[in-house]
Chemist: 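Input: one structure, supplied below.
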Amino acid sequence: MEGYVVAVDVGTGSARAGVFDRKGHCLSRASHPIRVNREDAVMAEHSSDDIWSAVVACVRAALVSAGIDCGAVAAIGFDATCSLVFLDSAGKPVSVAKDGEPRWDTIAWFDHRAAAQAEALSRIASDAVRHSGGVVSPEMQIPKLMWIRDNLSSAWEKTGIILDLADYLTFRSTGSLRRSACTLTAKWCYLNHQQRWDQDFLAAAGLVDLEAKARIEGPPSPVGTAIATLSPEAAAAFGLRQDCIVAAGMVDAYAGVLALSGPDPEVGDRVSLIGGTSSCVMRFLDRPHYLHSYWGPYFGAALPDRWIVEGGQSAAGALLDLVVRNHLGREPTVADHERLVSRSEELYRQSGPSLGAHIHVLPDFHGNRTPIGNAGMKGVIHGLSLDASFDGLAILYYRTKLGLALGIRQVIDAMEAETGPVRTLVLGGGHARSRLFRELYANATGRELILSAGDEAMLLGTAMAAATAAGWHGSLAEACKALKRREQVIAPDPRAARHYARDYAILLRMQDHRAEISAM
């Protein structure tokens, strides 16, 4: 009997794979780096071939480490960032880089080249815009398509297939162009609750032929359903049986929310917080709520019968990288971050929440996703001195983390005002590994924090979808309940929460001052 599934999570800088048994235990994990081509502060690309090679490498490594019979793997699932892959009609890469370098065929999720197109789309009165929070983000796919058409006409003419990265991975695994309801709904402005495209929106974008141009064939597949089985080439690459099922793909944060809140979507006072390169705050809803600059409400983008709304920060871990990079004058390593985390925690234990109280950070260095909804907004650091010591950097690192946590408080407070009380955060992603981040999120927001899947959230959520596609459970909701992790509760410290109330008030005042300066 098939007793395992493989989950693959493709992030900004690496691909990760995990092997899971029927109880949701992760038997092994492996990762492999992926390349990012940074043309400037706005534009960035990946290579789909490089991503595929990384996926193959980490899947094979995870299988070897698990020491299982690979013939017992029933299904494989993929989640990925919402990067956008351009291929010709034969499935070969089409460059989307300004210099035409052939391998860079994938616009990275955080690429903001299409800011002007997104702004123009935001002015359209349409259902698609309404379900995008009234503000279309340049991180969505429709504005990116417009930019390529308008600025790289030769690439546009060559393009015969366009895929969200998660859908590219299922295509590369099976040869099938069937898309996921998660990717099309959350990133392509597809109205899944009505099973239709907003034709007025597409007409305004000049993309009435979107389905033909992108080769979108048929209605999207719900999360937890099968796309097809592995192609002979993919089965050989992974070392799996050809009859291994490939589950519909997901955007990474939506895989994470399955692991964090999917087991208990009816618990209405909790939200999922997924912290990594960016941070996402996600909430299941039993009916649609329309919030300014919050993505959604989307129907069936995670659980097939639930609405979900999403807010967050476009730069979280990426901002910490910037702080370290600017100090060291080079790309930060994992070891650099580990040293800073360790030292900032030591300094925090000595000084408490007053550590670095003269420094205040507005974390919008890559725009403000929510609740302001301005992709062109810039960040601010107030209170720097000439201190260039390592401890000075550790203090700035801590205050940057605090600025991010206070920004999440603002995201949650605005969500709460429209959708009802939020008393609990369920934290997943890389930030769940940091003791200081965990405490900051609880104390800065004044809300109870729950740890469950932790940094395995995306892999576990993808495993839940793969297990459902394999037929192990009657529904995705049942899989979420069956595979859920034990919860650990972290209560906020009232004394720290009172201290951070001052910092939060300063953050809001700084936002007002920034707006005044921008208007001068």
Side-chain angles (χ1 to χ4, degrees), residues 5-11 15-18 34 46-56 58-59 73-87 90-93 105-106 109 141 160-188 190 192 211 214-238 240-255 258 300-302 304 458-459 461-471 476:
V5 295
V6 173
V8 177
D9 166 43
V10 178
R16 298 167 284 273
I34 59 177
H46 296 293
S47 160
S48 64
D49 282 339
D50 173 63
I51 290 172
W52 179 251
S53 295
V55 166
V56 169
C58 64
V59 167
V73 175
I76 184 170
F78 302 94
D79 75 74
T81 65
C82 57
S83 300
L84 187 63
V85 185
F86 288 77
L87 307 172
K92 301 300 182 183
D105 63 342
T106 303
W109 69 268
Q141 311 302 26
I161 304 170
I162 311 170
L163 296 147
D164 222 89
L165 182 53
D167 292 325
Y168 167 79
L169 295 172
T170 59
F171 165 67
R172 192 71 184 256
S173 297
T174 65
S176 171
L177 285 167
R178 291 180 63 188
R179 310 305 171 91
S180 162
C182 178
T183 58
L184 288 193
T185 304
K187 302 302 173 185
W188 292 66
Y190 179 75
N192 194 44
E211 290 181 276
R215 289 276 303 278
I216 299 171
E217 301 174 352
S221 299
V223 176
T225 62
I227 293 290
T229 56
L230 288 172
S231 68
E233 297 79 10
F238 290 139
L240 297 173
R241 291 183 350 203
Q242 191 176 333
D243 61 355
C244 177
I245 291 168
V246 178
M250 286 179 285
V251 177
D252 50 2
Y254 289 77
L258 287 182
M458 274 64 76
L459 285 174
T462 300
M464 290 169 169
T468 309
L476 183 57

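Source: prediction; values computed, not measured. We're numbering straight along the sequence, starting at 1. Only heavy atoms go into these numbers, but all of them, side chains included; no hydrogens, no water, no symmetry mates.
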Chemist: For L476 and P304, work out which heavy atoms get closest and say how close.
Modeler: CD2-CD, 3.9 Å
Chemist: Scan residues 220-234 for pairs that pass salt bridge (Lys or Arg N to Asp or Glu O under 4.0 Å), counting only residues two or more places apart or in two chains.
Modeler: none
Chemist: L87 and F171: side-chain contact (heavy atoms from CB on, under 4.5 Å), yes or no, with the steps?
Modeler: CA-CA 12 Å; L87 307 172; F171 165 67; 3.9 Å; yes
Chemist: Please report the interatomic distance OG1(T170) to CE(M250), rounded to the nearest 0.5 Å.
Modeler: 11.5 Å
Chemist: Which residues satisfy the side-chain contact (heavy atoms from CB on, under 4.5 Å) test with A17, sequence neighbours excluded?
Modeler: V8, C58, V59, A62
Chemist: Got a sec, which residues hit side-chain contact (heavy atoms from CB on, under 4.5 Å) with A302, two or more places apart in sequence or on another chain?
Modeler: Y254, V257, L258, F284, I308
Chemist: Between W188 and I216, does the side-chain contact (heavy atoms from CB on, under 4.5 Å) criterion hold? Intermediate values first, please.
Modeler: CA-CA 11 Å; W188 292 66; I216 299 171; 4.2 Å; yes
Chemist: For a side-chain contact (heavy atoms from CB on, under 4.5 Å) check, start with the C-alpha distance between F238 and V56, then their side-chain angles and the critical distance, and finish with the verdict.
Modeler: CA-CA 6 Å; F238 290 139; V56 169; 3.9 Å; yes
Chemist: Evaluate C82 against T183 for side-chain contact (heavy atoms from CB on, under 4.5 Å), listing each step before the verdict.
Modeler: CA-CA 8 Å; C82 57; T183 58; over 6 Å; no
Chemist: Listed by chain and number, what are the side-chain contact (heavy atoms from CB on, under 4.5 Å) partners of A80, not counting sequence neighbours?
Modeler: V10, L165, A166, L169
Chemist: How many angstroms lie between atom CD1 of I161 and atom NZ of K92, to the nearest 0.5 angstrom?
Modeler: 11.0 Å
Chemist: Which heavy atom of A74 sits nearest to which heavy atom of A470, and what is that distance?
Modeler: CB-CB, 4.0 Å
Chemist: Compare every heavy atom of G300 with every heavy atom of A181, then report the nearest pair and how far apart it is.
Modeler: CB-O, 4.2 Å
Chemist: Please report the closest heavy-atom contact between A248 and P222, naming both atoms and the distance.
Modeler: CB-O, 3.7 Å
Chemist: Would you give the length of the straight line joining atom OG of S180 to atom CG of D164, rounded to the nearest 0.5 angstrom?
Modeler: 8.5 Å
Chemist: Would you mind checking if R172 and D49 are paired as a salt bridge, meaning a charged N to carboxylate O distance below 4.0 Å?
Modeler: yes
Chemist: Using the salt bridge (Lys or Arg N to Asp or Glu O under 4.0 Å) criterion, which residues pair with D167? Sequence neighbours excluded.
Modeler: none
Chemist: Quick one: side chain to side chain donor-acceptor pair (under 3.5 Å) partners of Q242, sequence neighbours excluded?
Modeler: none
Chemist: By side chain to side chain donor-acceptor pair (under 3.5 Å), which residues pair with D105, not counting sequence neighbours?
Modeler: S48
Chemist: Using the salt bridge (Lys or Arg N to Asp or Glu O under 4.0 Å) criterion, which residues pair with R179? Sequence neighbours excluded.
Modeler: none
Chemist: Enter the distance from L230:CG to T174:OG1 here, rounded to the nearest 0.5 Å.
Modeler: 8.0 Å
Chemist: Can you name the nearest heavy-atom pair linking L184 to P220, along with the distance?
Modeler: CD1-CB, 4.0 Å
Chemist: Indicate yes or no: at least one non-hydrogen side-chain atom of V251 is less than 4.5 angstrom from one of W109.
Modeler: no
Chemist: Going by side chain to side chain donor-acceptor pair (under 3.5 Å), name the residues that satisfy it together with T81, two or more places apart in sequence or in a different chain.
Modeler: S83
Chemist: Using the test side-chain contact (heavy atoms from CB on, under 4.5 Å), find all partners of R178 that sit at least two apart in sequence or belong to another chain.
Modeler: S176, S221, I227
Chemist: Only counting residues at least two apart or in another chain, list the ones meeting ring pair (Phe, Tyr, Trp, His ring centres under 6.0 Å) with Y168.
Modeler: none
Chemist: Mind checking side chain to side chain donor-acceptor pair (under 3.5 Å) for D252 and listing every partner two or more places apart, or none if nothing turns up?
Modeler: none
Chemist: Quick check: closest heavy atoms across G11 and I34, and the distance to 0.1 Å?
Modeler: O-CD1, 3.3 Å
